[in-house]
Novice: 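The structure is given below, and queries will be raised subsequently.
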Amino acid sequence: MKLAARVENVSPSMTLIIDAKAKAMKADGIDVCSFSAGEPDFNTPKHIVEAAKAALDAGKTRYGPAAGEPRLREAIAQKLQRDNGLCYNADNILVTNGGKQSIFNLMLAMIEPGDEVIIPAPFWVSYPEMVKLAAGTPVILPTTVESQFKVSPEQIRQAITPKTKLLIFNTPSNPTGMVYTPDEVRAIAQVAVEANLWVLSDEIYEKILYDGAQHLSIGAASPDAYERSVVCSGFAKTYAMTGWRVGFLAGPVPLVKSATKIQGHSTSNVCTFAQYGAIAAYEGPQDCVQEMLAAFAERRRYMLEALNAMPGLECPKPDGAFYLFPSIAKTGRSSLDFCSDLLEQYQVATVPGAAFGTDDCIRLSYATDLDTIKRGMERLEKFLHGIL
Ligand code: PLP
C-alpha cells in the first residue's frame with residue numbers, strides 16, 4: 001500500500017514504545033523496574049472520580065459542544081486568571097483530548113507549509129513530529145548540561161528567520177525537569193515579542209515544583225506577550241488523570257475557533273462525563289496535589305543522590321516535573337544502546353535521550369514507588385560497573 005508522504009518522516013513515539021515493552025516484560029512475569037512512563041503512579045483523587053460518576057448517573061453521556069462543556073471552559077478560564085494571571089474567559093478556551101491534542105490542534109490551525117517552529121532541545125518527543133505533520137519545519141536549538149538544559153534568549157534570536165512562526169516553550173520541562181525562572185521567562189518573552197513570534201506555552205507540569213521554584217506563564221510576562229501566546233495544558237499530570245484524556249488550549253478567540261473547527265471534524269467533544277471530573281479537579285480541594293508533590297519530592301531526592309553517586313553519570317538538579325535527565329556521555333555509549341542493554345540485562349526501563357533530541361543523556365521518571373526506585377538504582381549501578 002502506498003501511504004501518505006506526510007507520515008513518512010514521522011517517527012513513532014519512543015516513550016510509548018519503551019513503556020509498552022516494559023509492560024509486556026512485566027506481563028510475562030519479569031521483574032522490571034520501570035522508569036519510563038511519564039505518568040503519576042497515584043490513583044485519581046476520589047472527589048474527581050465521584051464527580052465523574054455523578055455525571056454518569058445524571059446522564060452526561062451524550063455528545064456535547066465540540067469546544068467543551070461550558071462549565072469546564074469557565075472553570076479553566078477562572079483557573080488561568082487566578083493562578084496564572086492570564087485574563088481569559090470561556091471563549092478563549094478549547095477543551096481537548098489531553099494536552100497532546102491541544103498542541104496538535106494548534107499546529108494544524110497555525111502552521112503553514114514551510115513555516116519554521118523553534119524547539120529547544122531536549123524537547124518533548126511529540127513536538128517535532130507534530131510540526132512535521134502540519135508541514136512545518138522544526139528548528140531544533142541544542143542545550144547542554146552546563147546551561148542546565150535551558151535555551152538562552154540569544155540562541156533564540158539567532159535562530160529567527162523570516163519564516164519563523166512559532167516558539168515552543170515548555171517549563172517545567174519534560175524530559176529535563178528544568179524550570180525557567182520568572183526573569184528567564186520574561187527575557188524569552190521579550191525576544192518573541194520583538195520578533196513577532198507566536199509562543200506555544202506548554203505548562204502541563206506547572207504545579208509540580210520543588211524547593212520554592214516559581215512558575216511564570218510566558219503570557220503573563222507582559223501585555224504584548226499575552227497577545228502572542230497560547231497555553232497548551234491539561235489535567236493528566238497534576239491530578240493523576242492520564243487516562244481521562246482532558247486537556248485544553250487557551251488563546252486568542254480566532255485561534256480557538258479555528259482549532260475547534262479542526263476538533264469538530266476529528267474527535268468532536270472530549271468524553272462528556274470525564275469533563276465533569278475535570279471541573280471537580282479545578283473547583284475542588286487542592287490538598288491532593290500537595291500530597292502527590294510531597295511523595296515526588298522524596299523520590300526525587302533519593303534518585304538524584306543515587307545517580308550522582310554512580311560512576312559515569314552526571315545529573316543536574318531539576319526544580320520541577322518528575323523526571324531526571326542524567327548525562328551518560330562518560331560511558332561512551334549511545335543512549336539507545338545504553339537503554340536497550342540496561343533493559344535486557346538488568347530489567348530497568350529508561351528512555352534514550354535520543355528520543356528527546358539529546359543522545360548523551362537518558363530520562364528516568366520517578367513517578368513510581370520508592371521501593372522500585374531503590375531496587376532500580378542498585379541494578380543501574382551494577383550495570384554501570386559492568387560497562388565502565
Ligand atoms: N506536554 C508534555 C511536555 C508532556 O510531557 C505530555 C505528556 O507526557 C503532554 C504534553 C501531553 O499530556 P496529555 O495528552 O496526557 O494531557
Side-chain angles (χ1 to χ4, degrees), residues 12-20 34-42 44 48 68 72 76 79 93-107 117 119-131 138 149-151 166-180 199-209 215 217-218 230-250 259 263 266-267 270-271 274-275 277-278 281-282 296 318-325 351 353 355-358 363-368:
S13 166
M14 213 186 285
T15 46
L16 295 187
I17 292 171
I18 303 244
D19 195 45
S34 184
F35 305 120
S36 58
E39 172 165 49
D41 57 323
F42 305 107
T44 304
I48 299 175
L72 178 56
I76 294 168
K79 178 262 174 217
I93 311 297
L94 166 64
V95 180
T96 55
N97 285 279
K100 200 173 238 181
Q101 197 199 11
S102 72
I103 302 169
F104 195 70
N105 285 342
L106 178 140
M107 292 302 167
V117 178
I119 308 176
F123 45 73
W124 181 51
V125 285
S126 296
Y127 297 145
E129 309 313 313
M130 288 188 188
V131 171
F149 299 118
K150 289 181 185 177
V151 75
L166 176 71
L167 162 70
I168 300 186
F169 188 61
N170 171 221
T171 179
S173 149
N174 176 7
T176 68
M178 288 304 169
V179 181
Y180 285 79
V199 182
L200 182 173
S201 181
D202 183 340
E203 308 189 13
I204 201 154
Y205 296 97
E206 65 168 323
K207 296 290 180 197
I208 307 181
L209 297 169
H215 171 75
S217 294
I218 195 161
V230 182
V231 178
C232 290
S233 192
F235 296 79
K237 316 290 178 175
T238 308
Y239 299 99
M241 289 174 68
T242 44
W244 293 61
R245 311 310 302 134
V246 192
F248 62 87
L249 177 150
Q263 186 161 299
S266 51
T267 56
V270 171
C271 169
Q275 294 189 56
Y282 273 175
F296 287 145
D319 285 333
F322 37 66
Y323 307 106
L324 294 178
F325 201 63
V351 187
F356 311 100
T358 307
R363 190 194 76 176
L364 296 97
S365 158
Y366 49 87
T368 189

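Ligands are counted one by one from 1 in listed order, and the atoms in each one are counted from 1 as well. In what follows, every heavy atom counts, from backbone to side chain, and hydrogens, waters and symmetry copies are set aside.
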Novice: Specify whether Tyr239 and Tyr282 have parallel, tilted or perpendicular ring planes, treating 30° as the upper limit for parallel and 60° as the lower limit for perpendicular.
Specialist: perpendicular

Novice: Should the pair Phe235 and Phe248 be assigned to parallel (<30°), tilted (30 to 60°) or perpendicular (>60°) ring geometry?
Specialist: perpendicular

Novice: Quick one, Tyr323 and Pro318 - any side-chain contact, counting heavy atoms below 4.5 Å?
Specialist: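 A side-chain contact is absent here, since even the closest heavy-atom pair is not under 4.5 Å.
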
Novice: Counting heavy atoms only, which of Lys100, Arg245, Lys237 comes nearest to atom 7 (C) of ligand 1?
Specialist: Lys237

Novice: Could you see which bit of Trp244 sits under 4.0 Å from ligand 1, with heavy atoms only: side chain, backbone, both or neither?
Specialist: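 None of Trp244 does.
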
Novice: Tell me yes or no: between the side chains of Ser233 and Glu206, is some donor less than 3.5 Å from an acceptor?
Specialist: no

Novice: I'd like to check which ligand 1 atoms, numbered from 1 as shown, lie under 4.0 Å from a non-hydrogen atom of Tyr127.
Specialist: 3 (C)

Novice: Under 4.0 Å from a heavy atom of Ala236: give me the atoms of ligand 1 that qualify, with their elements.
Specialist: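 By the 4.0 Å cutoff, the relevant atoms are 15 (O), 16 (O).
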
Novice: Establish, yes or no, whether the cationic atom of Lys150 lies under 6.0 Å from the six-membered ring centre of Tyr180 and within 45° of the ring axis.
Specialist: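 The answer is yes; both the distance and angle limits are met.
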
Novice: Asn174 and Arg363: side-chain contact (heavy atoms from CB on, under 4.5 Å), yes or no, with the steps?
Specialist: CA-CA 9 Å; Asn174 176 7; Arg363 190 194 76 176; 2.8 Å; yes

Novice: Would Phe248 count as a contact of ligand 1 if the rule is a heavy atom under 4.0 Å away?
Specialist: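 Phe248: no contact with ligand 1 (<4.0 Å).
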
Novice: Taking only heavy atoms of Asn174, which atoms of ligand 1 are found under 4.0 Å from at least one of them?
Specialist: 3 (C), 4 (C), 5 (O)

Novice: May I ask which of Asp202, Val125, Thr242, Ile103 has a heavy atom nearer to atom 2 (C) of ligand 1 than the others do?
Specialist: Asp202

Novice: For ligand 1, which part of Phe235 has a heavy atom less than 4.0 Å away: the side chain, the backbone, both, or neither?
Specialist: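 Contact part for Phe235 vs ligand 1: neither.
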
Novice: Would you say Tyr205 has any N or O atom under 3.5 Å from an N or O of ligand 1, going by distance alone?
Specialist: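 Checking ligand 1 against Tyr205, an N or O pair does fall under 3.5 Å apart.
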
Novice: Considering only heavy atoms of Gly98, which atoms of ligand 1 have at least one such atom less than 4.0 Å away?
Specialist: 14 (O), 16 (O)

Novice: Just need the protein heavy atom nearest to atom 12 (O) of ligand 1, so name the residue and atom and give the distance.
Specialist: Ile204 CD1, 3.4 Å

Novice: Do Gln263 and Thr96 meet the criterion of a side-chain donor-acceptor pair at a distance under 3.5 Å?
Specialist: no

Novice: Is any side-chain heavy atom of His215 less than 4.5 Å from a side-chain heavy atom of Thr171?
Specialist: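 Side-chain contact under 4.5 Å: yes.
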
Novice: Does ligand 1 have a heavy atom under 4.0 Å from the side chain of Asn97, from its backbone, from both, or from neither?
Specialist: neither

Novice: Please report which non-hydrogen protein atom sits nearest to atom 16 (O) of ligand 1, along with the residue it belongs to and the distance in Å to one decimal place.
Specialist: Gly99 N, 2.7 Å

Novice: Find out whether Pro172 and Leu209 are in side-chain contact, i.e. whether some heavy atom of one side chain is under 4.5 Å from a heavy atom of the other.
Specialist: yes

Novice: Can you list the ligand 1 atoms lying under 4.0 Å from a non-hydrogen atom of Asn170?
Specialist: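 In order of numbering, the contacting atoms are 3 (C).
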
